Amino acid sequence: MRLPAFLADQRRLRRVLSSSSATLATLTRLHALLLISSSHHLLASLAAAYARAGALDAAESTLAGSPASPSSIPAWNALLAAHSRGGSPGTALRVFRALPPAARPDSTTFTLALSACARLGDLATAENIKDCAFEAGYRKDVFVCSALLHLYSRCGAMEDAVRVFDGMPRRDRVAWSTMVSGFVSAGRPVEALGMYRRMRQDGVEGDEVVMVGVMQACAATGDAQMGASVHGYLLRHGMRMDVVTTTSLVDMYAKNEQFDVARQMFRMMPYRNAISWSALISGFAQNGHADEALDLFREMQVSRLQPDSGALVSALLACADMGLLKLGKSIHAFILRRLEFDCISGTAVINMYSKCGSLASAQMLFNRVGSGDLVFWNAMIACYGAHGRGRDALALFQELNETGIKPDHATFASLLSALSHSGLVEEGKFCFDRMIKEFGIEPAEKHYVCIVDLLARSGLVEEANNLLASMQTEPTIAIWVALLSGCLNNKKVELGETIAEKILELQPQEVGVLALVSNLYAAAKKWDKVREVRKLMKDSGSKKVPGYSLLEVRGTRHIFVMEDQSHPQHQEILKMVAKLDSEMRKMGYVPRTEFVYHDLDENVKEQLLSYHSERLAIAFGLLNASPGTRLVIIKNLRVCGNCHDAIKYISKIADREIVVRDAKRFHHFKDGACSCGDYW
DNA sequence: ATAGGGTTAG
């Protein structure tokens, strides 16, 4: 072929350059030809072709080497897009900054640059780019605007996203769906669902992507009915049930505790990835079905799919829940051998050690990994809190401040809870103040729960009550509950009754909440009120979670439930309990029958107290565990004040360290003293 | 001609 003739055939040239099938060799050859002919137009097309073929350096040098003009913008865009897709948004931004001024960026350019900022979480640069885009006349551009929506929601600035969204003259499905998933990831699922409703009212139908966001929202709110209707919508509209969509369905059903449906969906998936497994495993693990979670985890191990860190993290969650230290340790070892030790799995391991009572192992891991990741620190602060080590939590918080990492809402939730459980009232108040004033964090529900708990626990119920009066919004059930439980523990029955009324007005469904209210009325000896609330409990339909205690002896787990006679050593255990009881009494133990909230005879109350599940578990442990080893009991409910007393005596009699983990934290009993800062 | 939205786990 004669070169000049070939160059003259512009149409044919264009076809070669815009098809994505041109090989690199062809492109380099053409490059040489075009340089000779110095055709700027064609050089730009060539650069775009380079970018599409993955030769990004060649694309950039071609562009930089030819004079800039608006006609080179598609090529620059192709280059930016390639960097973005290739996962290097930083480079994309560098290229954007290096754009020659004569090449006028268009809507696509700005959209790509903003999307790179979103990926990097670089709000400052984005603001700059936004200004340029607006100046260039793209203020109303759908693409630029949705890129902004995505940017703001990824940077936790939902209010800015809302502002942009409200200013959009035209909103397409992508804009709506960005808002839906934005609200979901901001932890505001109710507003996410609101967005979806508005979208439908606007006459816009959902597609797979929107519906995934809606499903996440349903999972977060626990709205099972809405969830099922979304499922129906997907089927009715014949949507593509790919891995992502189906995994979201599985996740939603599992989070809503519809395990049969979740499992069925999972089994029907033609193709599953590691995320699908993790979704189901964690669904079980987080809802008290650790056994099934671990069964699935084992099944995943035997399937071809290697467990990734997500599945391991879910399995660790199940170990933490059940206090399975041995299995947890082996997963830790597996991660060390086979995977990169990332922050998420590191945090999960710390959490597992924490929940299994191995404060020392958690500390060791924390010190060895030494990470700059905030959540990692948060987990360790929470771990100290769970072990009643408020001062250590505070010290770690101060250390965190010295690193320059900014604490977040979760840091303060863990810290306040640690201080509360250690009775460090002044420190707690001070931290609550600092959180608001110095760190500019608006207290959320959980923070109010902590601070009210902190005050009320140490008897300052009036101060706690005043704090609630100063709140901007109405206190929620959880906040009232913290106050009420302080009233109950400090025998402030009168104030307690008014709070109980408020809680009942909010119509709580949770049995635990109703039980607390009922106990308060029992403490006030208002037995007709007690009956009333007990009836509510019965009508609420939700089953009371039976209290159980669990311990592992020589690798086997034993579960004890009050009044359960099924254990093969039942008679022996009862004898042991009685023996301990009489020895404790000789040492001065007096059963604290005020913890039995029923209208019963005193001696019946005393008997009931002796058969709490942790007492049975401890008796079993003393009979079977090797002498001198520590007994770690995992209990799903709180340890009552009487058991707390009793275990101190037992620990002294048996000369053993006894550790009881209740729903919230650990009580380390050694030589009759509990190392947890406060009582219960 | 081309760009913006989606799955688990701390």
Side-chain angles (χ1 to χ4, degrees), chain A residues 14 17-18 20 44-45 48 51-52 73-78 80-81 84-85 105-116 118 138 141-151 153-154 171-182 184-185 206-216 219 240 242-252 254-255 269 272-283 285-286 293 307-318 320 342-352 354 371 373-380 382-383 410 414:
Chain A
R14 285 203 178 283
L17 286 176
S18 55
S20 40
S45 309
R52 278 193 298 272
I73 267 302
W76 284 108
N77 290 346
L80 282 172
S84 251
R85 266 198 305 273
D106 64 1
S107 147
T108 306
T109 324
F110 288 121
T111 304
L112 283 164
L114 286 171
S115 136
Y138 297 116
D141 186 276
V142 200
F143 281 83
V144 169
C145 285
S146 353
L148 277 175
L149 297 181
H150 188 218
L151 167 86
S153 50
R154 275 197 60 146
R171 300 169 188 126
D172 63 4
R173 191 176 283 133
V174 175
W176 284 106
S177 97
T178 310
M179 291 306 280
V180 171
S181 43
V184 168
S185 46
D207 66 355
E208 290 87 348
V209 181
V210 183
M211 298 324 274
V212 165
V214 176
M215 281 190 274
Q216 288 175 293
R240 205 182 58 241
D242 60 7
V243 221
V244 177
T245 316
T246 324
T247 300
S248 301
L249 268 174
V250 170
D251 181 56
M252 178 197 70
K255 284 214 174 88
M269 289 174 80
R272 312 177 185 113
N273 59 21
I275 298 177
S276 327
W277 283 90
S278 299
L280 190 56
I281 293 174
S282 66
Q286 289 179 324
D308 68 338
S309 64
L312 292 163
V313 166
S314 309
L316 282 168
L317 219 61
D342 64 23
C343 253
I344 293 183
S345 41
T347 309
V349 175
I350 285 198
N351 181 48
M352 181 276 296
S354 169
S371 154
D373 185 281
L374 178 62
V375 188
F376 199 58
W377 287 78
N378 290 351
M380 196 60 220
C383 177
S414 301

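Because only heavy atoms are used, hydrogens play no part in the values below, and waters and symmetry mates are left out as well, while side chains stay in. Here is the naming used below: chain letters follow the sequence lines, and residue numbers restart at 1 for every chain. This one's a predicted model, so the numbers in the text were calculated from it and none came from an experiment.
- In this structure, CG of D308(A) is placed 15 Å from P of dT7(B), rounded to the nearest angstrom.
- Put simply, CG on D172(A) is 15 Å from P on dA3(B), counting in whole angstrom units.
- Residue-level contact check: V180(A) touches neither bases nor backbone, having no heavy atom under 4.0 Å from any strand.
- Side-chain atoms of D242(A) and T245(A) form a donor-acceptor pair, as typed in the model, at a separation below 3.5 Å.
- Atom CG in N273(A) sits about 13 Å away from atom P in dA9(B), given to the nearest Å.
- Taking 4.0 angstrom as the limit, Q216(A) places none of its side-chain polar atoms (N or O) nearer than this to OP1 or OP2 of dG6(B).
- Residue S345(A) is classed as having no contact, given no heavy-atom separation below 4.0 Å to the nucleic acid.
- Here the OG-CZ distance, from S146(A) to R173(A), works out to 13.0 Å after rounding to the nearest 0.5 Å.
- Checking the phosphate oxygens (OP1, OP2) of dA3(B), a side-chain nitrogen or oxygen of R85(A) falls inside 4.0 Å.
- Rounded to an integer number of Å, the gap from CH2 of W377(A) to P of dG10(B) is 21 Å.
- The side chain of H150(A) places an N or O atom within less than 4.0 Å of a non-bridging phosphate oxygen (OP1 or OP2) of dG5(B).
- Nucleic acid contact for I344(A): base, since at least one base atom lies under 4.0 Å from a heavy atom of the residue.
- We find the CD1-OG distance between I275(A) and S282(A) to be 11.5 Å, quoted to the nearest 0.5 Å.
- Distance L114(A) CG to dT2(B) C1': 15 Å, rounded to the nearest Å.
- Annotation: side chain of D106(A) is in contact with side chain of T109(A) (closest heavy-atom distance under 4.5 Å).
- Within 4.0 Å of N378(A), counting heavy atoms only, lies no atom of the nucleic acid at all.
- Within the 4.5 Å cutoff, the side chain of L317(A) has heavy atoms near those of the N351(A) side chain.
- Between I281(A) atom CD1 and dG10(B) atom P the separation is 13 Å, expressed in whole Å.
- Of the candidate nucleotides dG5(B), dG6(B), dT7(B), dG5(B) has the atom lying nearest to any side-chain atom of D207(A).
- We find that CG of D251(A) is positioned 13 Å from C1' of dG6(B), with the value rounded to whole Å.
- Judged by distance alone with a 3.5 Å cut-off, a donor-acceptor contact links the side chain of D242(A) to the base of dG6(B).
- Within 4.0 Å of S107(A), counting heavy atoms only, lies at least one base atom of the nucleic acid.
- Atom pair M252(A):CE and dT8(B):C1' shows a separation of 15 Å (rounding to whole Å applied).
- Phosphate contact (OP1/OP2 of dT7(B), side-chain N/O of K255(A), threshold under 4.0 Å): absent.
- Residue-level contact check: T178(A) touches the backbone only, with heavy atoms under 4.0 Å from sugar-phosphate atoms and none from bases.
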